[in-house]
> 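The structure is given below, and queries will be raised subsequently.
Only a predicted model underlies this, so the values are computations on that prediction, with no experimental measurement involved.
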Amino acid sequence: MRTIELSKVRNIGIMAHIDAGKTTCSERILYYAGKTHKVGEVHEGTAVLDWMPQEQERGITITAAATTFEWRGHRITLIDTPGHVDFTMEVERSLRVLDGAIALFCAVGGVQPQSERVWRQSEKYNVPKIAFVNKMDRAGADYVRVVGEIQEELGANAVPVVIPIGAEDRFAGIIDLVTMKAIYYPEERLGRDYYETEIPPQHLEEARRWRANLVETCAEQDDAMLARFLERGDLDEHEIQTILRRATIARRVVPVYCGSAFRNKGIQRLLDGVVRCLPAPNEIPPIICAREPDVNVRNPSDDDPFSALAFKVVADRHMGKLTYLRVYSGSVRAGDTVLNSTRDRPQRVVRLFRMHANRQESIESAHCGDIVAAVGLSDTRTGDTLCHADHPIHLEAIEFPSPVMSISIAPESRADADRLGEALHRLADEDPTFVVGYNAETHETVVSGMGELHLDIIVDRLKREYNVAAKVGPPEVAYRETITEPAEGSYKHVKQTGGRGQYAHVVMRIEPTAPGEGFEFVNRVTGGRIPAAYIPAVEKGVLAAMSAGPAAGYPVVDVRVTLLDGTYHEVDSSDQAFHEAGRAGFVELYQRASPELLEPVMSIEVETPEDYMGAVTGSICSRRGRIEGMDARGDTRIIRGLVPLAEMFGYAGALRTLTQGRAAFTMHFEHYEAVPAALAEEIIRQARERRRR
């Protein structure tokens, strides 16, 4: 039986740029909600939601941690997501299953690069948001500027619901523009015993101005409200809250709150905003089948057949494989057998848990709107759909970015060799952006990830969690190959071995497509010149050649291959012959199509004191980078640029040396660009040398 009304359930996440204070805010939320009785601190390594040893040592969030608590009669499941770009996959899969989000912004830093990235991710999944401007106690805090940046840089209709009383070391509390009350948080009481009072006279005019802005924004969202506003010149508290909630869920408005999580101010009002403005599971649109969108839907209700999405897999040393589920309709009990419709396999749900970071609370059943973990789903992977066997449905899967960096990895001893493969594949099951491969030519195990930090954490986890000592080779960049000109020709595969021979003849044209369009295969054969049964073999042969490009062995991208004509032999033709003709024909045409090497280019943003601006710009340019823009933010200079990933290894240490540790940078993948010809020749030469060895 459901223990709480669906309308009183909230599934939310906290998303932000790195170091904006997400985990600190989450720890205060848990404390004020009564889930914990002591405030954990990130800088002390005691944060409940940063439970991994690597998180506690580095002071960053690496994996999205889920917890559930109650606030004012509502049950809230909260997911604290990482801010570092190397772990953007955790943000992606969390936002895919959440109904709402808190977008956190630093009152000093404002909208930063990763702020924009996670905002775009949330928009892709149509996630309603409220904003929280954190760190109002820090020097340089500017609430109005950050609200303006949210409006201008993110294109959001940000409307303040509270405003701060003071800023920096004078930040004392907030003014609630809905109730028109001042709220103060005595620091000696950890903010738990806040009190409301009348707005101080010196802040009254500003509060009235911002309330007028709030009321006008609300009135614009609804014709009936606009009529009342024009008639009375104001809206009452209930009317404001009603339309604010409706507009937030429709993603027409982003209510903005503020405070200082570290100083224990503003968190309770933020929680009030969660229950008042963000949607319950029954307020989101019905779930549509990805394969039959017009006929197969699930309403967010316990009465509809069971459907859920597996959005995360974790290897727990005590429980085994934990699969995190978001239940979209119906219910499931421990012991039930469900269908994994993605893989068409039955799965038995052995046990169900409600998670609190890395701790489990056993439950008997999960219902619509629940986010839970299950044990027993051995054949379920991230992105798979689970459903009632008699009512199959396929939910939209989760898209993950491709890895951009690779390293070779090998066991340090024979004893480690047996455990390394199993450990790597368990980690790959957890993390779809961590890919394990084997290079048959170099006889190396190659692992790929989203950046240096990502791979560093993987190697550290191998040692700590799986007791596997591994040695790694220098990072390799995930280069790509492509062509710049079209080429057309024919290839005939003929082989006689005394018995039945092999015969296949193809005429093909290859041509470049726009960057990012990927591979396209077009069949233009007419008149049965090549039987239809052999056409897929030609395409598979082309794909086999593209998987390891003829120039340097890197994957070939952004190519259109058109099969124009060909011939076959009634006896000697086969799938194998046409596969080889497609492969060899592509290789031959590729050499005539002016191939070029592509490298991943990263968008970089460096925050540095003005004194070091020249040194920082010089360091970017020396790494084949180009400066795209510069901004001033107080005494800090923001330098934006594009730099090839191959030049960025070790940049964190170099930047610390250049700026005496006073600068910081963020970096994320932007696009692929052609490598300069002279450098490309050297990279190709080295790649071929490795292949020969």
Side-chain angles (χ1 to χ4, degrees), residues 11-23 25-26 61 64 78-135 142-161 217 247-258 261 270 273-274 277-279 284 311 398-401 433 450 602-605 607 628-629 631 633 638 640 666-671:
N11 294 314
I12 64 166
I14 298 186
M15 61 182 199
H17 185 88
I18 190 170
D19 202 32
K22 294 180 300 302
T23 303
C25 185
S26 299
T61 300
L78 171 72
I79 297 182
D80 177 31
T81 66
H84 197 287
V85 68
D86 279 20
F87 309 108
T88 187
M89 171 271 302
E90 293 285 346
V91 183
E92 187 80 22
R93 62 181 170 192
S94 298
L95 289 173
R96 168 65 178 83
V97 299
L98 292 171
D99 302 324
I102 300 170
L104 210 69
F105 300 92
C106 173
V108 181
V111 175
Q112 296 170 286
Q114 188 67 0
S115 309
E116 297 181 30
R117 186 181 183 90
V118 297
W119 191 275
R120 288 197 301 268
Q121 288 174 294
S122 70
E123 288 293 289
K124 180 168 72 172
Y125 295 116
N126 301 320
V127 178
K129 293 169 285 292
I130 62 176
F132 183 71
V133 180
N134 192 27
K135 302 189 178 183
D142 190 334
Y143 179 68
V144 175
R145 174 179 57 79
V146 177
V147 172
E149 289 181 5
I150 296 171
Q151 294 169 337
E152 295 169 13
E153 298 186 29
L154 302 179
N157 187 10
V159 52
V161 178
T217 302
T248 303
I249 294 173
R251 297 171 47 247
R252 298 196 306 268
V253 159
V254 177
V256 185
Y257 297 79
C258 71
L270 175 63
V274 167
C277 297
L278 293 179
I284 62 172
F311 68 96
I398 309 171
E399 295 181 9
F400 295 109
T433 60
M450 299 305 297
M602 313 301 285
S603 174
I604 183 174
E605 181 169 299
E607 296 186 22
E628 297 284 299
D631 293 314
R633 190 174 291 158
I638 312 297
R640 299 188 307 278
T666 56
M667 181 175 74
H668 65 265
F669 172 73
E670 194 68 32
H671 56 255

> When you compare the side chain of D99 with that of I12, does any pair of heavy atoms fall below 4.5 Å?
no
> Can you tell me how far CD of E607 sits from CD of E605, rounded to the nearest 0.5 angstrom?
6.0 Å
> Drop me the distance from S94's OG to I14's CD1, to the nearest 0.5 angstrom.
11.5 Å
> Between V159 and V256, is any pair of side-chain heavy atoms under 4.5 Å apart?
no
> To check you understand the geometry: which heavy-atom pair defines the closest contact between C106 and A20, and what is its length?
N-CB, 4.3 Å
> Within this structure, what is the NE2-CZ distance for the pair H17 and F105, rounded to the nearest 0.5 Å?
11.5 Å
> Suppose we screen for side-chain hydrogen bond (donor to acceptor under 3.5 Å, both in side chains). Which residues come up paired with K129, at least two apart in sequence or across chains?
S122, E123
> Quick one: does R145's side chain have a donor or acceptor within less than 3.5 Å of a partner on V108's backbone?
yes
> Given E153 and E116, is the side-chain contact (heavy atoms from CB on, under 4.5 Å) satisfied, shown in steps?
CA-CA 8 Å; E153 298 186 29; E116 297 181 30; 3.7 Å; yes
> With a 4.5 Å heavy-atom cut-off, do Y257 and P160 have their side chains touching?
no
> Is any side-chain heavy atom of R96 closer than 4.5 Å to one of F311?
no
> Is a side-chain N or O of N134 found less than 3.5 angstrom from the main chain of A261, in a donor-acceptor match?
yes
> Would you call C25 and K22 a side-chain contact if the rule is heavy atoms closer than 4.5 Å?
no
> If you round to the nearest 0.5 Å, how far is CG of L278 from CD1 of I249?
8.0 Å
> Above 12 or not: heavy atoms from other molecules or residues under 6.0 Å from CD of E399?
no
> Is there a side-chain contact between I130 and L270, using heavy atoms and a 4.5 Å cut-off?
yes
> I need the N11 CG to I79 CD1 distance, nearest 0.5 Å.
7.5 Å
> With E628, which residues qualify under salt bridge (Lys or Arg N to Asp or Glu O under 4.0 Å), at least two apart?
R626
> Atom OG1 in T81, atom CG in L95: separation rounded to 0.5 Å?
7.0 Å
> Decide yes or no for I102 and M15: does some side-chain heavy atom of the first lie under 4.5 Å from some side-chain heavy atom of the second?
no
> For G110, is there any backbone N or O sitting under 3.5 Å from a side-chain donor or acceptor partner on E149?
no
> Quick check: do W119 and V127 have side-chain heavy atoms less than 4.5 Å from each other?
no
> My understanding is that only residues two or more places apart in sequence, or in another chain, count here; which of them pass side-chain hydrogen bond (donor to acceptor under 3.5 Å, both in side chains) with N157?
none
> For a quick test of reading the model, state the closest non-hydrogen atom pair linking V118 to A16 and the distance between them.
CG2-N, 4.1 Å
> Quick check against the 3.5 Å criterion: does S26 have a side-chain atom that pairs as donor or acceptor with the backbone of D80?
no
> Between R251 and N126, is a side-chain contact (heavy atoms from CB on, under 4.5 Å) present by the stated rule, with each step listed?
CA-CA 8 Å; R251 297 171 47 247; N126 301 320; 3.4 Å; yes
